[in-house]
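In what follows, every heavy atom counts, from backbone to side chain, and hydrogens, waters and symmetry copies are set aside.
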Amino acid sequence: MSSTLFRTKRVEQSILDTEEPEHALKKSLSALDLTVFGVGVIIGTGIFVLTGTVAKDNAGPAVALAFVAAGVACALAALCYAEFASTVPVAGSAYTFSYASLGELPAWIIGWDLVLEFALGTAVVAVGWSGYIQSLMDNAGWNMPTSLGSREGADAFGFDILAAALVLVLTVILVLGMKLSARITSLVVAIKLAVVLTVIVAGAFLIDGDNYDPFIPDTQTVDAGGSLQAPLIQLMFGWAPSNYGVMGIFTAASVVFFAFIGFDVVATAAEETKNPQRDMPRGIIGSLVICTTLYVAVSIVVTGMQHYTRLSVDAPLADAFKDTGHPWFAGFISFGAAVGLTTVCMILLLGQTRVFFAMSRDGLLPRFFSHVHPRFKTPHRPTILLGVIIAVLAGFTPLTELAALVNIGTLFAFVVVAIGVIILRKTRPDLHRAFRTPWVPVIPILSVCASLWLMINLPAETWVRFAIWMVAGFGVYFLYGRSHSRLGRHEETTVAEVEKGEDPGTA
């Protein structure tokens, strides 16, 4: 039984599956498209919100170093993703990589994990986008009925129609074609970058050097009371992380990591890239470098404009400009955040549909979802299904507490991909690798350690919810996926032919 659970799918077979007419995606993306996708999904609400939160609660002005630490952790993972994406240019990202290196059950688990990660991420971002739009509407004097907007307060059964509508519109765009999605993303990313760069340049003239003193605040111990909300590291070892000081920077890094989530989505578009061997590494690493640079610059500016102890949690950039006598920028920043979240939402939805599509093409989910649209060459069936489900989630479900699951899901994927690079180097040294992760196994091991460190700084409650979702995934696999696996059926056919004395190569 263990041999069937860890059977691997050959890289050559994965690539061959992409050439089946009914299951083949259209190749239309370039390195620039991939980089734009990466920037589009990484730069979201994190750059406008998380900066103030971690500066005030954890790192002070040293929040810039927290972004660097989180960026380094992502860079280690990005090097591993780049090797896999250029070697196995197939939709599915970490799921496909795991199938080629670790086996079917690990691949199923990581695919199941990614479905949750991208679904919750899309819904959370859609709700955040709705909040910014409602804020802009309120500023213009257009008040939306509570039952159709925020679900906070007395009207707990309201439906966030803006969040749901955004998801449905983006679903239609994704069905119509990847190139259309890339063009819309390019336009929106250009607007978003213009807003971010304007904030950096304008804010640089308002910096007061005294606000950087102290750059790294004195250490204070976290008092989490041993509750389930405490970081897992405290519950396991009885050691509470630091609020400030050097350790506060690493605590902050585990929080701002949310701002980097999404660069791995670029890998899900490998099958739709014209020259994946060359362009996937450029898109993955290039987008991460650009976004890390912008994050560091924004954090330096905002902590220089206003002392970290006075930064607001909800809108630190906008409020910092208000505090320095420039209220016009508040609306400008809200506009940039709203526009930016549109691409974040779309690219997360794109990533989820590609993982779902790859799993159905392998038979682990119903094959009905593995057919592409005859005209648009997009996986329209899973796109429509998931778009409707996420629209309902975004409309009805309060997702604030579940958002941490997005973090742990991404980090888990990073760990699996890094381990997969080491294993595939051992089992398939003959494979042509257009991009090779340097210093293997050192870089993958460092990636695993960095991801695990960030994971154990997440609340224990997040781990409990994650474990429940994983248990459900095991149930679905053993009840459906294992018996419907195309790889498993191929092996059974081969065995039967051998027993009959036939040559399996003639099948």
Closest contact, heavy atoms only, [X] versus [Y]:
X	Y	value
Ala94	Ala413	CB-CB, 4.3 Å
Leu162	Trp129	O-CZ3, 3.4 Å
Arg354	Pro379	NH1-CG, 3.6 Å
Lys192	Ile43	NZ-O, 2.6 Å
Ala253	Ala66	CB-O, 3.7 Å
Thr18	Ala24	O-CB, 3.1 Å

Between [atom1] on residue [X] and [atom2] on residue [Y], distance to nearest 0.5 Å:
X	Y	atom1	atom2	value
Ser181	Ile173	OG	CD1	6.5 Å
Leu29	Glu271	CG	CD	11.5 Å
Phe478	Ser483	CZ	OG	11.5 Å
Leu348	Thr122	CG	OG1	4.5 Å
Phe84	Thr96	CZ	OG1	10.0 Å
Asp430	Arg433	CG	CZ	7.5 Å

Has the side chain of [X] got a donor or acceptor atom that lies under 3.5 Å from a matching backbone atom of [Y]?
X	Y	answer
Arg10	Ala100	no
Thr383	Thr353	no
His380	His373	yes

Could you pull out all donor-acceptor pairs under 3.5 Å where a side-chain atom in residues 107-119 meets a protein atom, sequence neighbours excluded?
from   : atom 1 : to     : atom 2 : distance (Å)
Trp108 : NE1    : Gly473 : O      : 2.7
Trp112 : NE1    : Trp469 : O      : 2.7
Glu117 : OE2    : Thr410 : OG1    : 2.7

Heavy-atom check, side chain of [X] versus side chain of [Y], under 4.5 Å:
X	Y	answer
Leu105	Phe474	yes
Glu104	Leu364	yes
Val41	Val266	no
Val167	Cys345	yes
Ile390	Gln352	yes
Ile419	Val448	yes
Thr273	Pro89	no
Val415	Leu452	yes

Are Val39 and Leu294 close enough, and set up right, to give a side chain to side chain contact (heavy atoms under 4.5 Å, CB included), and what steps lead you there?
CA-CA 10 Å; Val39 174; Leu294 292 176; 5.5 Å; no
Sequence neighbours excluded, every pair satisfying side chain to side chain donor-acceptor pair (under 3.5 Å) that has a member inside residues 162-178
none
Which residues pass the side-chain contact (heavy atoms from CB on, under 4.5 Å) test with Thr185, not counting sequence neighbours?
Val36, Phe37, Val189, Thr343, Met346, Ile347
Test of understanding: with side-chain contact (heavy atoms from CB on, under 4.5 Å), list the residues that count as partners of Thr427, not counting sequence neighbours.
Ile423, Leu424
Checking Val68 against Val72 for the side chain to side chain contact (heavy atoms under 4.5 Å, CB included) test, could you report, in this order, the C-alpha distance in whole Å, the side-chain angles of both residues, the deciding distance, and whether it holds?
CA-CA 6 Å; Val68 171; Val72 168; 4.3 Å; yes
Using a distance-only test with no angle check, is there a side-chain donor-acceptor pair under 3.5 angstrom linking [X] and [Y]?
X	Y	value
Ser370	His23	yes
Glu272	Ser28	no
Asp17	Ser14	no
Asp160	Ser130	yes

Under-4.0 Å salt bridge between [X] and [Y]:
X	Y	answer
Glu19	Arg361	no
Lys377	Glu22	no
Lys9	Asp362	yes

Sequence neighbours left out, cut at 3.5 Å: what donor-acceptor pairs do the side chains of residues 281-290 make with other protein atoms?
from   : atom 1 : to     : atom 2 : distance (Å)
Ser287 : OG     : Gly283 : O      : 2.8
Ser287 : OG     : Ile284 : O      : 3.1

Quick one: do Phe368 and Leu385 satisfy side chain to side chain contact (heavy atoms under 4.5 Å, CB included)? Show the steps, please.
CA-CA 12 Å; Phe368 171 81; Leu385 171 69; over 6 Å; no
Under 30°, 30 to 60°, or over 60°: which ring-plane class applies to Trp463 and Phe466, parallel, tilted or perpendicular?
perpendicular
Relative to the ring of Phe67, is the ring of Tyr295 parallel (under 30°), tilted (30 to 60°) or perpendicular (over 60°)?
tilted
Using the ring centroid of each side chain, check whether Phe369 and Phe357 are separated by less than 6.0 Å.
no
Please check if atom NZ in Lys26 has more than 12 non-hydrogen atoms from other residues, nucleotides or ligands closer than 6.0 Å.
no
Check residues 435-445 and write down every donor-acceptor pair under 3.5 Å in which the side-chain atom is one partner and the other belongs to a residue at least two apart or another chain.
from   : atom 1 : to    : atom 2 : distance (Å)
Thr437 : OG1    : Leu79 : O      : 2.8
Thr437 : OG1    : Glu83 : OE1    : 3.1

Apply the test side chain to side chain contact (heavy atoms under 4.5 Å, CB included) to residues Ser485 and Arg7: give CA-CA distance (whole Å), side-chain angles for both, the deciding distance (0.1 Å), then the verdict.
CA-CA 11 Å; Ser485 167; Arg7 56 195 174 202; 3.7 Å; yes
